[in-house]
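Note that this is a predicted model, so its numbers are computed, not measured.
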Protein chains: 2
Amino acid sequence: MNDEATGPGRRRTTEQRAAVTLADVARVAGVSEITVSRILRNTGPISERTRARVMAAVEQVGYVPNRIAGTLASATSNLMGVIIPSLSNIVFPEVLQGIHAALATSGFQPVVGVTDYNLDVEERLVRALLAWKPSAMIIAGFDHTETTRRILQQSRTRIAELMDIDAVPIDIAVGLSHRSAGYDTGRYLIGRGYRRFGYVGHDWNADRRARRRWDGLCAALGDAGLALVDQALFDGPSSTQAGRAMCDTLLRRTPSLDVVVFSNDDMAVGGVFHCYGRGLVPKRDVALFGFNGLDIGQALPVPLSTVRSKRYQIGKIAVETILQHPERQSGPIIIDTGYEILEGGTA
Amino acid sequence: MNDEATGPGRRRTTEQRAAVTLADVARVAGVSEITVSRILRNTGPISERTRARVMAAVEQVGYVPNRIAGTLASATSNLMGVIIPSLSNIVFPEVLQGIHAALATSGFQPVVGVTDYNLDVEERLVRALLAWKPSAMIIAGFDHTETTRRILQQSRTRIAELMDIDAVPIDIAVGLSHRSAGYDTGRYLIGRGYRRFGYVGHDWNADRRARRRWDGLCAALGDAGLALVDQALFDGPSSTQAGRAMCDTLLRRTPSLDVVVFSNDDMAVGGVFHCYGRGLVPKRDVALFGFNGLDIGQALPVPLSTVRSKRYQIGKIAVETILQHPERQSGPIIIDTGYEILEGGTA
DNA sequence: CCCATAAATGGCAGCGCTACCATTTTTCGG
DNA sequence: CCGAAAAATGGTAGCGCTGCCATTTATGGG
């Protein structure tokens, strides 16, 4: 009877017309709000007749549900927080792809934050995203501030830490052992007869995973009575240009190397380009080896020898695991997505 | 006085301990909820003494704000919907980068959806994201279903359509004229003396912007009394591999071409690789021209001749425009970010 | 045709916060 | 030392929806 009364009016002081709410739909359809709510959420027993009537009313008034209100009332949000260090490194968009693919049919929406490899930014983002009461948080890497770790631990949501399994996660870890990948790279190259190893790297302090691969590589060399002969490190993020420049530096300084291991494929492709530019033939003159198995490396005239990490799978499996077990388990879960050596033609 | 009473208890039927709320902080600090709220939002006059006391209480109880409740109460959400067609085409992560960069200091969080170039998926995503009452929606492209357009129009939020300015936007458009870029490509190449034009393309139906560049190219050729001699179209998304294969097909069929224009840089880099593989020297034997100005093309031993589109800028400017004018204006806004021909060394 | 059971539907409180008014306290010119 | 203005603080009613607990309406066996 008091449909039109807006109560002792506050809000809507501006001239804006009121948003269409469940109540409007209910009134038009001649049912209660809760019935409309049930129909839109497909819960509880509903007769076909009222369902049709309500759907017509929804259409007629142009109702758009308000998930904010729904989430507040039900305390379940359908949002998932995603934090990655960067978008410029192609690896992370690929992880995002996997996340989106697995999320697509689930009704969840990702809220994305980018840290730029800054742990304080990460902490701020974790706080900001938790404020949306997400059902889970996906976060690339293991390096967090103490506070970040504590906040994540205390929030009772699922936490997936991606890319890496070389440490104990807060809740779930999905990725591969970078140390082991580095070690196997060493073993593989030694097996193919290479002895004079060079290394081209980037961001020595920020990229911990590259560092761990380097550790593994050095361990493999050490176990075989060898050692890195020389290395060139670029002080900044990885890129084809940087790889090209550093490869030049390294080979100029130590021309006797028979293989150069790069911190990742971006850098290694730069190495290949360097060779092309100088008339060197990869493998015949100097062997080149990357990490990641990016498309661009495999599309080169001679495919790059490298290790395939499964970025897409990592994102996808993380989400699938979370969707399967929405509640935290007793102990941490570690999922090894593995890696595989791509023989290619440059080593 | 009834602090502990949870009312005629419902919720919290599970054993979960209650979440920490504003009320808890207020109780510990000995002030009212609204005062805590004001302090955390930096609004209204607050004495230093109480601010300190409240902040200490926040720290003590480990309070995490609930933006869901805040948004419902204030009807302003700090969320921004972002819809892009794909994450595998590097162009869109670059747009996302720009969006994130501009958003970083604003307190807004992007909620991201990926359509896979499917307009029905796009419509579903638009509905899903609008349900979070975002302050704005950013959406790549102009191709929407009728319903999508209507829903976007009716939602009173700001809408930015990115990449393209060849049509009238719902609200804001940020991008470049692809037709004009195609036309200028033609003029430029004609000016450099090329006459026998070939074209290598992809996704003839899905990628409308590539199509529009093609239109422009053909128009330029027509105005000069020329026409495309031959073209090869790949039925699928653009990739280096596809560009390589199609370039092979095209040059095998019509070896007399003196320049090949590619639908974008991914495809063009494939063309360059094809040449390397076959011992052809780009430009001397056949000229190659791309679109986008991707890093990878510029890192090649000989940089790719192409047109730079400013993806990062597009995302950044879109967000900045929205932040500057949170309310819709009277008429549509069109922002031309332009483009620039990169001479490179392949044409 | 009655009653037990299942199927549909509804009433109401409250999720955690903030807008809109107060109300109380401080400050300060005269 | 008073009254007016400014500075701090608080009470209360929702924001739009959903969980809990009825209540009402079919359905079907005896």
Side-chain angles (χ1 to χ4, degrees), chain A residues 5-14 16 18-27 29-54 58 61 63-78 130-133, chain B residues 1-2 5-14 16 18-27 29-54 58 61 63-78 130-133:
Chain A
T6 322
R10 69 181 185 114
R11 299 302 139 87
R12 208 147 297 142
T13 42
T14 46
Q16 289 183 23
V20 177
T21 72
L22 259 196
D24 298 315
V25 177
R27 182 149 30 75
V31 296
S32 71
E33 293 183 38
I34 186 68
T35 300
V36 179
S37 172
R38 287 203 188 100
I39 289 171
L40 292 175
R41 285 178 299 144
N42 278 311
T43 58
I46 298 287
S47 76
E48 262 325 307
R49 227 164 47 81
T50 53
R51 181 191 304 275
R53 199 141 41 90
V54 167
V58 166
V61 301
Y63 174 68
V64 177
N66 184 334
R67 291 281 317 142
I68 298 285
T71 298
L72 183 60
S74 68
T76 52
S77 85
N78 284 11
L130 281 178
W132 292 104
K133 304 288 156 187
Chain B
M1 44 187 85
N2 59 349
T6 323
R10 67 181 186 116
R11 297 304 138 87
R12 206 147 298 139
T13 43
T14 47
Q16 289 184 23
V20 177
T21 74
L22 259 196
D24 297 317
V25 178
R27 183 150 28 77
V31 298
S32 70
E33 294 183 38
I34 186 68
T35 300
V36 179
S37 173
R38 286 204 189 97
I39 289 171
L40 292 176
R41 285 178 301 142
N42 278 310
T43 58
I46 298 288
S47 75
E48 261 326 307
R49 226 164 47 80
T50 53
R51 181 190 304 277
R53 197 141 42 89
V54 166
V58 165
V61 300
Y63 174 68
V64 176
N66 184 336
R67 290 285 315 143
I68 297 285
T71 298
L72 182 60
S74 69
T76 51
S77 84
N78 282 13
L130 281 179
W132 292 103
K133 304 289 156 186

Fill in: Separation of atom CG in B:N66 from atom P in C:dT18, rounded to whole Å
9 Å
Worksheet item: Between the side-chain atoms of A:R38 and the base atoms of C:dG10, is any donor-acceptor pair under 3.5 Å?
Response: yes
Worksheet item: Phosphate oxygens OP1/OP2 of D:dT18: is one of them under 4.0 Å from a side-chain N or O of A:S37?
Response: yes
Worksheet item: What is the minimum heavy-atom distance between A:A19 and A:D24, and which atoms define it?
Response: O-OD2, 3.7 Å
Fill in: Integer-rounded Å distance: C:dT24 P and B:I34 CD1
18 Å
Discussion item. Of the options C:dC17, D:dG19, D:dG16, whose atoms approach the side-chain atoms of A:A69 most closely?
Written reply: D:dG16
Worksheet item: Which heavy atom of B:I46 sits nearest a heavy atom of B:T50, and at what distance?
Response: CG2-OG1, 3.6 Å
Fill in: Below 4.0 Å: OP1/OP2 of D:dG10 and any side-chain N or O of B:T35
yes
Worksheet item: Hey, does the side chain of A:S32 come within less than 4.0 Å of C:dG10's phosphate (OP1/OP2), counting only N and O?
Response: yes
Fill in: A:V31, nearest nucleotide to its side chain (from C:dG10, D:dG16, C:dC17)
C:dG10
Fill in: Beyond-backbone contact of B:T71 with B:N78, side-chain heavy atoms, under 4.5 angstrom
no
Worksheet item: D:dA13 P sits how many Å from B:E33 CD, rounded?
Response: 14 Å
Fill in: salt bridge (Lys or Arg N to Asp or Glu O under 4.0 Å) contacts touching residues 29-41 of chain B (sequence neighbours left out)
none
Practice prompt. Enumerate the residues from residues 39-53 of chain A whose closest heavy atom to DNA chain D is under 4.0 Å, giving them by residue number; use none for an empty result.
Written response: A:R41
Discussion item. If I compare all heavy atoms of A:V36 with all of A:L22, which pair ends up nearest, and what's the gap?
Written reply: CG1-CD2, 3.2 Å
Discussion item. Please determine whether side chain to side chain contact (heavy atoms under 4.5 Å, CB included) holds for the pair B:N42 and B:R51, giving the CA-CA distance in whole Å, both sets of side-chain angles, and the decisive distance to 0.1 Å.
Written reply: CA-CA 10 Å; B:N42 278 310; B:R51 181 190 304 277; 3.6 Å; yes
Worksheet item: Is there a donor-acceptor pair under 3.5 Å between the side chain of B:R67 and the backbone N or O of A:W132?
Response: no
Discussion item. Testing the basics here: between A:V25 and A:V58, what is the closest heavy-atom pair and its distance to 0.1 Å?
Written reply: CG1-CG2, 3.7 Å
Fill in: Bending between helix ends of the helix from C:dC1-D:dG30 to C:dG30-D:dC1 [5 pairs per end, 10° resolution]
30°
Worksheet, complete the sentence: note: B:L22, atom CG; D:dC15, atom P; distance rounded to Å ~ 19 Å
Discussion item. For A:Y63 and A:L40: C-alpha separation, side-chain torsions, deciding distance, then whether side chain to side chain contact (heavy atoms under 4.5 Å, CB included) applies.
Written reply: CA-CA 11 Å; A:Y63 174 68; A:L40 292 175; 3.5 Å; yes
